[in-house]
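Reading through the structure tokens given below for one structure.
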Protein chains: 2
Amino acid sequence: MPQTAQPQSSSLTRADEAFQYLQGAIIQGDLAPGEKIGEVELCERFNLTRGPLREALGRLESRGLLVRKPHAGVKVVSISGDELLELYQIREVMEGLAARQAAERMSESEVADLHRLLDGHERMVAEADGQAYYQAEGDYDFHYCIVTGSRNNKLVQMLLGDLYYLLRLYRCRFSTATGRPRKALKEHRHIADAIAQGDGELAQFLMQRHIRTARDNIESRLQEGLITL
Amino acid sequence: MPQTAQPQSSSLTRADEAFQYLQGAIIQGDLAPGEKIGEVELCERFNLTRGPLREALGRLESRGLLVRKPHAGVKVVSISGDELLELYQIREVMEGLAARQAAERMSESEVADLHRLLDGHERMVAEADGQAYYQAEGDYDFHYCIVTGSRNNKLVQMLLGDLYYLLRLYRCRFSTATGRPRKALKEHRHIADAIAQGDGELAQFLMQRHIRTARDNIESRLQEGLITL
DNA sequence: CAACCACGCTTTGTTGACAATCCAGGCGCA
DNA sequence: TGCGCCTGGATTGTCAACAAAGCGTGGTTG
């Protein structure tokens, strides 16, 4: 599907398209990690020239999804289990902050939305043991809500704009998930309750413990040998 | 290894030069915030063509130092006091984590280096009330040491590669500083002691309080009207 | 037979020109 | 006189070609 026709948003430049497309391709695993990929090949892959492509590449590199050596070419970032655990440690403190600020600043309607979201998740888990969907998307929806609710623009940018893409990359790579949907959902509910009560400290504590639990889960799985690096 | 360190070694490309140069120019304030600056002007400013420049611009944008609207041009990021406070909140939790991990993972020699660094700072403060230098550079040196000591690559990349540049931008803009070198130095020493003893929890707590104090200081100064936005 | 050097090819970095888009100023009309 | 359209200029986005650097290959030599 060559997107030669650009019907609508003229505000979308080719470089932006390439950026989004490449980001998606990397996250979904269409481009293997460590794969040294040439520029011309990418250009032909979705008809554009090297100018916009290089700009997109630069942005991807700055975001940490690509590594590029001066004259050696670009390759998709190779990931390790240790780095994933590092990411979770960072997530722990940052989302803890997000939860605290969300508890302090979320509006009534936002809190209501959050609870509705959890109601939906509850139905999903109850109905069909919908582990797959719940973990893949629902989990992100919940955390997404809280992060945006923190009203901390920089935090939103760092988490939603950068970190989550990396996490998604890992998650898609070795499709490991917590494997504990009900417990996780319960934790989510507790966090939402703390936020609803405006108890920032509690929300922060619960969120940190929630993510730490997930991290421990992943760590033990990694040690068991489910490493797909 | 974060690619943000410095593309030093052999052949640094023109785009990298432009990137570093522009980053420095923005941080030092040679480019006013909110200033809409043309590409050709930048090109002539340090002889290079628009290709590499645009790549550098893209990376600057992705790093948050520039904002660019599709056909409207680029302008240096305009900053607000609120955003600075947000940054400090993020710093609080992230550097808290860094301090904890540094306490757990720093080597003997690194701890010794850290203490030597503080000795130097102590001399500076005692000798000449060297507030200016201590605050401008010494403070960063200390935090830099601890962050790298955390051995958390992602954390290093996010703090040293991104956040600190923004902080420097703010600091240079309204050259506000803590104005409490002795107290800050004492806090630094306590943190270093906690790290030396391997007490991660204490180091984290002290670091968070240290940064929170600095933040409160800035907040009150802002409210007093030292806002240069 | 192995190691080293030189050559050429491939890929990246850079350049200048072309085309699309937006902003400002001026003119016409109500 | 004020509003809106139009045109001109300038700026950004895009392109195709040029130059330099890295790497593999093949030949030569110890």
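Order of the sequence lines fixes the chain letters, A, B, ..., with proteins taken first and strands second; residue numbering starts at 1 for each chain.
Looking only at distances, a side-chain donor or acceptor of B:E35 sits under 3.5 Å from a matching main-chain atom of B:A32.
Spacing between atom NZ of A:K75 and atom P of C:dT12 amounts to 14 Å, rounded to whole angstrom units. If you take CD of B:E39 and P of C:dT15, they are 14 Å apart, rounded to a whole angstrom. When rounded to the nearest whole Å, the span between CD1 of B:I37 and C1' of D:dT11 equals 14 Å. Rounded to whole Å, atom P of D:dC15 lies 7 Å from atom CG of A:L48. Taking atom CG on A:D16 and atom P on D:dG13, their separation rounds to 9 Å, with Å as the unit. Following rounding to the nearest Å, B:E61 (CD) and D:dT12 (P) show an atom-to-atom distance of 14 Å. Summarising the geometry, the separation between CG on B:N47 and C1' on C:dT14 is reported as 14 Å, rounded to the nearest angstrom. We find that CD of B:E44 is positioned 10 Å from P of D:dT11, with the value rounded to whole Å.
The closest side-chain donor-acceptor pair between B:E110 and B:S107 falls under 3.5 angstrom. Of the N and O atoms on the side chains of A:Q89 and B:Q101, at least one donor lies less than 3.5 Å from an acceptor on the other residue.
Relative to the side chain of B:H71, the nucleotides C:dC22, D:dT14, C:dG13 differ in distance, and C:dC22 lies closest. Of the listed nucleotides (D:dT12, D:dC15, C:dT12), D:dC15 has the atom at the smallest distance from the side chain of A:T49. For A:R68, the side-chain atoms get nearest to C:dG13 when compared with the rest of C:dG13, D:dG13, C:dT14. Distances were taken from every side-chain heavy atom of B:R14 (C-beta onward) to each of C:dT15, D:dT14, D:dG13; the shortest belongs to C:dT15.
The base of D:dG13 is paired with the side chain of B:R50 by a donor and an acceptor separated by under 3.5 Å.
B:G51 comes within 4.0 angstrom of a base, heavy atoms only.
Taking the ring axis of B:Y88 as reference, the NZ or CZ atom of B:R212 does not stay both within 45° of it and closer than 6.0 Å to the ring centre.
A sub-4.0 Å separation between OP1 or OP2 of C:dT12 and a side-chain N or O of B:T13 is absent. Neither OP1 nor OP2 of C:dT12 sits under 4.0 Å from any side-chain N or O of A:R54.
The aromatic rings of B:F142 and B:H188 sit parallel to each other, their planes meeting at less than 30°, with 60° as the upper class boundary.
Across the interface with DNA chain D, nearest-nucleotide mapping of A:A72 and A:E55 shows A:E55 to be the residue nearer the 5′ end.
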